[in-house]
Amino acid sequence: MALADQIAGGGARPGLMAPDGWLAALARRSEAVAVPLAALIAGLAVFGLFLASQGKSPAEFYALVYKAGFGTSFSWQNTLARAAPLLLAALCVALPARLGLVVIGGEGAIVLGGVACGALAGALSDLSGALAIPLMAAAGALAGALWIGAVGALRHYRGVNETIASLLMAYIAIALMNHLVEGPMRDPASLNKPSTAPLAEQLRIGNIPGWDVHWGLVIGILGCVLAWVLIERTTWGFAARVAGGNVRAAQVQGLPVGRLIVGFTALGGAFAGLAGVFEVAAVHGAANASLATGYGYTGILVAFLARHNPLAIIPVAILLAGFEASSGLVQRRMDLPDATVLVLQGFVFVAILVSEALYGRLRIFAPERWGNGK
Amino acid sequence: MTSTPLSRRGFLRGSAALAGAGALSTLAQPGFAAGENLTVGFIYVGPKDDFGYNQAHAEGAAAVKAIEGVTVVEEENVAETIDVQKSMESMINFDGATLLFPTSFGYFDPHILAIAPKYPELRFQHCGGLWQEGVHPENVGSYFGYIGMGQYLNGITAGHATKTKKIGFVAAKPIPQVLLNINSYLLGARSVDPTITCQVIFTGEWSLAVKEAEATNALADAGCDVVTCHVDGPKVVMETGAARGMYLNGYHADQSSLAPEMYLTGAEWNWASVYEDMVRTTMAGGTIDNFVRGGLAENFIKMSPLGPAVSDAARNQFEATAAAIRKGGFAAIAGPLKDNRGNVIATEGQAFEESDVALESMDYLVEGVVGSTS
């Protein structure tokens, strides 16, 4: 996989390992940052032209996006609160992607993670939060891991396309949630909005002290860092990248490709399941149909924009969350439809995909060009 | 009673069980002083031109917009997640909104309940009628309308129009509000001809156009020649029904423009009247009651103008019944009445008027409804 190679190359320490000196190393490393950044700016610029063609001021639009997404302390808290589930949802795409798998059904793992958390919460209502919350988190992660791990297993052992399987299984997961929440697990008191019984007070996950953002943000960032370490700094991650590049070669080398596929998909599912746990324990206080609101699908966008690099997921998730946080103000001030921000995301997405073709073609990033700087 | 305009209009108050009879809010509102300009925020769960639930609220917002000294800010397609919490705060922080109408049922718990205590000087008005004294914040109010009566009136026009003696109902979820509408619709039709049956199909989602079309087609195939619905946007049901030659009873808003020849009448919300009163009360320095309900008499609901397909006999019965409902004391759910499994719902002489709290936990379909709640 070309992406993996470039990221791996970027990890080489300049000066020590790069024979051509620091300038060449800098050129090689900056390609991975400069290309997506340029693509982002190009996407924003083209969208600005689109807005102008509709008679709306791009300057006003971007000023509002900045103000509502990043301009005030409320804006930052708004953005970060929205970023929390996206971090975890994106990992469900990025981890399997290192094995060359395109998993787009993280929504199913989020929903089932939330349902598992809601189901277990009833039984744990007498325990202290310190004991019960890790158990609920484990249950949610396990549910997500089983769901997406099954996608990996179907892929490896039965040859079922993981993209289609994960997408269709997300619909099954949502149907299962609706059945459970409206049937066996329904709190009889939840009359007009069927839900599980509300979580006991001590089982709720609160906010980061001093902020109006729940702990899911911290766990999401930790998850991204851990995933990066796993991929870039462990033999498991190395094996996964090899298998992602060429399955046949990995098998010839004796790598356990089946276990890698199931393991990485399950781990991705576990992160998405955790996102569901935070939705239930930190936001909704019960499992209900509000679990299926599309975080799993936005996570796909985040992971692709981050080029499946777990560390890059963090800024990308925050950027997209900032766009979404500004959607309301843009609607209210410029009288634009709510889909505006989706269109903007689409422009940026296409720009980043197009930019993939630029890697290795721009002379300015070629190490040879800077080799004399030694 | 208080001396606010709302009370003077004789709004029916909440029951003792739900809100505490006579519970009056005496909370001062430092967030708004009489004579100032007022910024009012409206939040919708779907598009505000959906020919349904959200459009009905947006029509109310449009009426408020026409009041001098009022600025209206609106946001559509806001999910029942952290999104709505942040949308409310964004309207407060960036637009200076002091009176908010987050209109979707699912916005109440936990979202409004999480935000309202942080802004005790502002007012949050929620549609759905869940506020309980002593349990919920004093700066939260809830309101709802007895729209089941509108479905009863719909049923009268359907009862006269049907030739097959089978009418159809496309429903979202088997929750009390929906069940009351289905039962009222059939009972209205049965007041014309007691042999009429009503087939119901639940789609499982509030907004799922494909299933709504399939359900409408299935009802037409089963021989139903009049159809109504309780989903967020009735447009698909109305257009599909008209294409299949079915007469139509609207819901939420006026859908007559979609198929003027086939449209009999519709049960509509009259939020323009309700919101105007609430905003004028606030501007006059008064306080809106925390728990208000109303029906046809209080201008909380209204009926679409009768269409060309309504016969004179139907018109006479419709108008006589509407007058009886306005007068008060009329009950659609009245004994002797059984559910469609044979259980007794009401004995001879027993009646549940529109304001009866027993109706709010309805879990049955009456005799003559073909369908099941689970």
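Residue numbers start from 1 in every chain, and the chains themselves are labelled A, B, ... in the order their sequence lines are given, proteins ahead of strands.
Interface summary for chain A: among B/Val72, B/Val73, B/Ile43, B/Asn77, the most heavy-atom pairs under 4.5 angstrom belong to B/Asn77. Each of A/Asn192, A/Thr293, A/Thr72 has some count of heavy-atom pairs under 4.5 Å with chain B, and the biggest count is that of A/Asn192. The candidate with the highest count of non-hydrogen atom pairs below 4.5 Å against chain A, out of B/Lys48, B/Met91, B/Lys118, B/Gln85, is B/Met91.
For B/Lys211, the NZ atom sits in a loose shell: 12 or fewer heavy atoms of surrounding residues, nucleotides or ligands are nearer than 6.0 Å. Within 6.0 Å of atom CG in A/Asp335, 12 or fewer heavy atoms from other residues, nucleotides or ligands are found, so the atom counts as exposed in its surroundings.
Only the side chain of A/Asn178 comes within less than 4.5 Å of a heavy atom of chain B; its backbone N, CA, C and O stay farther away. Contact annotation for B/Lys173: only side-chain heavy atoms (C-beta onward) come within less than 4.5 Å of a heavy atom of chain A. With a 4.5 angstrom heavy-atom cutoff, B/Asp83 touches chain A via backbone and side-chain atoms both. Only the side chain of B/Phe105 comes within contact range of chain A, with at least one heavy atom under 4.5 Å from a heavy atom of that chain. Neither the backbone nor the side chain of B/Met362 comes within contact range of chain A; no heavy atoms are under 4.5 Å apart. Residue A/Glu324: no heavy atom, backbone or side chain, is found under 4.5 Å from chain B. For B/Gln177, the parts sitting under 4.5 Å from any heavy atom of chain A are the backbone and the side chain alike. Using a 4.5 Å cut-off between heavy atoms, A/Arg186 touches chain B through its side chain atoms alone. For B/Glu205, the part sitting under 4.5 Å from any heavy atom of chain A is the side chain, from C-beta outward, and nothing else.
Annotation for B/Ile82 and A/Val283: closest pair N-CG1, 4.0 Å, computed over non-hydrogen atoms. When every heavy atom of A/Arg333 is checked against every heavy atom of B/Asp95, the shortest pair comes out as NH2-OD1, 2.7 Å. Taking each heavy atom of A/Phe74 and B/Ser90 in turn, the nearest pair found is CZ-N, 3.5 Å.
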Derivation and outcome, side chain to side chain contact (heavy atoms under 4.5 Å, CB included), residues B/Phe108 and A/Lys193
CA-CA 10 Å; B/Phe108 189 73; A/Lys193 176 147 189 176; over 6 Å; no
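Distance check: B/Glu80 CD to A/His284 NE2 gives 8.5 Å after rounding to the nearest 0.5 Å. Remark: A/Asp338 CG to B/Tyr44 OH distance equals 12.5 Å, nearest 0.5 Å. Note that OG1 of B/Thr81 and CZ of A/Arg82 are 7.5 Å apart. Values are rounded to the nearest 0.5 Å. Rounding to the nearest 0.5 Å gives a distance of 8.0 Å between CD of B/Glu89 and CG of A/Asn78. Once rounded to the nearest 0.5 Å, the distance linking OG of A/Ser195 with CG of B/Asp109 reads 8.0 Å.
With salt bridges taken as basic N to acidic carboxylate O contacts below 4.0 Å, one links A/Asp212 and B/Lys86.
Between the side chain of A/Gln331 and the backbone N or O of B/Glu76, at least one donor-acceptor pair lies under 3.5 Å.
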